[in-house]
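Structure first, commentary second.
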There are 4 protein chains.
Amino acid sequence: MTRDVVDPVTELWGDDLAPVARTLLTSAVHCFAKRGFTGTTTRDVSTGAGLSPAALYVHFRSKEDVLFEIARRGHLRALEALAVPGGTAGLDGPPARLRAVMSRFVAWHARHHVAARVCQYELSALSPEHLDEIVTIRREFPELFRSVITEGVDRGEFAPVDAGRVVRALLSLGVDLVRWYRPDGPDSPEQLGRFYADLAVSMVSAVPGPPAG
Amino acid sequence: MTRDVVDPVTELWGDDLAPVARTLLTSAVHCFAKRGFTGTTTRDVSTGAGLSPAALYVHFRSKEDVLFEIARRGHLRALEALAVPGGTAGLDGPPARLRAVMSRFVAWHARHHVAARVCQYELSALSPEHLDEIVTIRREFPELFRSVITEGVDRGEFAPVDAGRVVRALLSLGVDLVRWYRPDGPDSPEQLGRFYADLAVSMVSAVPGPPAG
Amino acid sequence: MTRDVVDPVTELWGDDLAPVARTLLTSAVHCFAKRGFTGTTTRDVSTGAGLSPAALYVHFRSKEDVLFEIARRGHLRALEALAVPGGTAGLDGPPARLRAVMSRFVAWHARHHVAARVCQYELSALSPEHLDEIVTIRREFPELFRSVITEGVDRGEFAPVDAGRVVRALLSLGVDLVRWYRPDGPDSPEQLGRFYADLAVSMVSAVPGPPAG
Amino acid sequence: MTRDVVDPVTELWGDDLAPVARTLLTSAVHCFAKRGFTGTTTRDVSTGAGLSPAALYVHFRSKEDVLFEIARRGHLRALEALAVPGGTAGLDGPPARLRAVMSRFVAWHARHHVAARVCQYELSALSPEHLDEIVTIRREFPELFRSVITEGVDRGEFAPVDAGRVVRALLSLGVDLVRWYRPDGPDSPEQLGRFYADLAVSMVSAVPGPPAG
DNA sequence: CATGAATGAGTATTCATTCAT
DNA sequence: AATGAATGAATACTCATTCAT
């Protein structure tokens, strides 16, 4: 049951990358997360990987390219985490599906809070072309949430909420946790996921509301 | 009847600062929000204020000192916005008070989303001493929310929620919106505040929940 | 008998200067002596005199002009100290005159070691024209020594030494002491002057020498 | 039979330094000697070595570090020049040993007058730690002279002079010459050394003195 | 006379990147 | 593949000097 011995950062990179390149990306994630993209030097990244400053350029075209690889692979991995094999098809109805999507989204961001910080806060350092590519992937996330919400509303299982606003709120909860989550805190990624899934459900439930007078 | 002709950034600075110093802070807020602290040059800030690069040092000790002044004044202003004169004393009960605190918190962050971005995302560039000073101010925010939540729970007007987790979620919603809020979007700061106040209330309401079986 | 209560630096400036200008020169001497001309800022000089940075330019044309005034007045004062009223005319013969010149030269440099350091080590920062003016004054010093030595040699009262080389050695002794002299050391300026006068005499005395074989 | 084709500055650095580092030190010596440490820019040093401004930082940590290396190596070399293999052991008695030490000290300073100027006049620009290290080395020089003088006095071969004062005078003669010595002047380093050795001997010889009455 | 504000020209140092080895 | 050396272009900050008040 020792599922979690793997470093949450290292497990993000695929086999298509040379081991040294993966080491560099991992070092870059830690550097970018701590000091930001502009606050990190290529020397920081290289020496963090036990290499000379020039080594980075053997594996990547530029510092920006390193960020792009992190962002691209990070976003794809997060998407995979939501669209698990079998998906939410087997889940009976919108509430269960909302719980599933929210808890997975939150748990992934908690578990990968270091890499996710880079994916959420450093995108503005990307070149326009690279940014475009990432933005295209990112559009999937609100879409996933939106489809669940609208289905629930349409079916009458959710209160008639403004889907766009609720989706933004749900995404905010998942994204902002990379700013404050600490693995040595009280909640495991999965516990936090369950709690936030409860919040999601409460957000789409009818609320007594203030006295309508 | 144009409600707000004043620039939301400029109105943050007090009369104790020379006009030129205020112009510099305003320029710095826009620069830091767009490119981050390390991605901004002192030249960017100065020329953004219509001055020579050296002028910054007539009014501030260093680039970091500029950030500190923004963070200090920004946080104090945000706190003022929550603890308005008269406060929430006249409001009848926890639900109304929760609505008041949440809507003000959210509206302030939406209205001041540019400055707030700097206050939320650039603090790690502060010196340890300056960071300490800001962190001390920041502790007030969760405290304000927590007191409302616990009172509501104690009185039985809220569901028996985990106050710490709920507070973190509420703060997250307010904070993260500085990442995506655009004033030309569909919601005014006040509208967004009301929507998020509704969400806050739903979070502390008993939820039908999944059939407890 | 309280002859020496006056600050040795302040007493260098004449009545033709405004009191504030004298204060600035005094501050400049201390700054230049401690950090060198290039290592001193005009701000150092001004604030050392209790004034704002701009005040310096009310009294002097430039930082270099301050150095020039120090050098000019310093050199003239040193020259005055050697050519005392009555001079060495009343002294009977070259040995007594050599003692007089050397002891005065040394005592002046010891007493004014701070200002003298500036006069000896910072001249290269002067403009060519100003340097010329100072060099012209400086030529008097070796001349004074040389005339005493050559007279002693001609009269047969001194050994047939190479006057040029001896003069350079005597000047060196007087000049270099500004590098190490401390008023709280064992020797008063006058004591040091007497000791170096003895050395001067021994330098022009016939020495047993190494066995001429 | 051209005696010295090697550049007196370049020969100071050891084989442990990369050739480029030696070139930079040589350039720095010339710059520091001419314009002083604070008056020299790192650009001056680098371009004086035929390199770009950034190249200095490939080989040295800072401008101050360059000065430290010059001072450290310069002082050690000067010490070596005095304590030659075989030393003064074979020399018969204090007078010969005094001549040897003084002439070597003077000749070294004359030959290396450019580097020595930096070693003598720019030490105040060193960091406190580096200054300490140099001061420790410097203490050897007066000690070397003092031991010769006191031995001569004790044996009765020198007049009963005040060793401390005489040592300071001898060091002054050697040090101050770096201020005025020019290789194209009348004296070669060795000639000057011999002349100053004569002066040293005369300083410790009984002098007819003024009639003791 | 004195100064607070302002600035053009630096000044030490850094950094992303290249390239010969 | 990896690196030590090298560099052009910054980058935060300084400084001598000016000027309106």
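Bear in mind that the values here come from a model prediction, so they are computed numbers and not experimental data. Every chain is numbered from 1, with letters handed out A, B, ... down the list of sequences.
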Residues in ring-ring contact (aromatic ring centres under 6.0 Å, His included) with D/F60, at least two apart?
-> none
Residues that D/H30 engages under side-chain hydrogen bond (donor to acceptor under 3.5 Å, both in side chains), provided they are two or more places apart = none
Does D/R61 have any salt bridge (charged side-chain N to carboxylate O under 4.0 Å, His left out) partners at least two apart in sequence or in another chain, and if so, which?
-> none
side-chain hydrogen bond (donor to acceptor under 3.5 Å, both in side chains) partners for B/E133, two or more places apart = none
Under the ring-ring contact (aromatic ring centres under 6.0 Å, His included) test, residues paired with A/H75 that sit two or more places apart | none
Does the side chain to side chain donor-acceptor pair (under 3.5 Å) test come out yes or no for C/S62 and C/D65, once each step is laid out?
-> CA-CA 5 Å; C/S62 67; C/D65 194 42; 5.5 Å; no
DNA chain F: 5'-proximal contact among A/V58 and D/A55 (nearest heavy atom) | A/V58
Grab the CZ-P distance between D/F60 and E/dT13 for me, whole Å please.
-> 13 Å
Do C/T41 and C/V45 come close enough that some side-chain heavy atom pair is under 4.5 Å?
-> no
For F/dA2, does OP1 or OP2 lie under 4.0 Å from any side-chain N or O of A/H59?
-> yes
Stretch residues 121-132 of chain C: residues that reach within less than 4.0 Å of DNA chain F through a heavy atom | none
Rounded to the nearest Å, what distance is computed from the CG atom of residue B/L24 to the P atom of nucleotide E/dA5?
-> 12 Å
Residues in side-chain hydrogen bond (donor to acceptor under 3.5 Å, both in side chains) with D/T10, at least two apart?
-> D/D7
Qualifying residues under salt bridge (charged side-chain N to carboxylate O under 4.0 Å, His left out), relative to C/R43, sequence neighbours excluded | none
What pairs with A/R22 under salt bridge (charged side-chain N to carboxylate O under 4.0 Å, His left out), at least two apart in sequence or on another chain?
-> none
For each nucleotide in nucleotides 16-21 of chain E, reading 5' to 3', give B when a protein heavy atom comes within less than 4.0 Å of its base, S when such contact involves only the sugar-phosphate, and - otherwise.
-> BBBB--
Sequence-distant partners of B/D16, salt bridge (charged side-chain N to carboxylate O under 4.0 Å, His left out), two or more places apart | B/R73
Nearest-angstrom distance from the residue atom CZ of C/R35 to P of F/dC15 = 10 Å
Give DNA chain E the dot-bracket treatment, 5' to 3': Watson-Crick (N1-N3 with N6-O4 or O6-N4) or G-U (N1-O2, O6-N3) under 3.5 Å, [ ] crossing, | other strand.
-> .||||||||||||||||||||
D/D44 CG to E/dA12 P, in whole Å, measures 8 Å
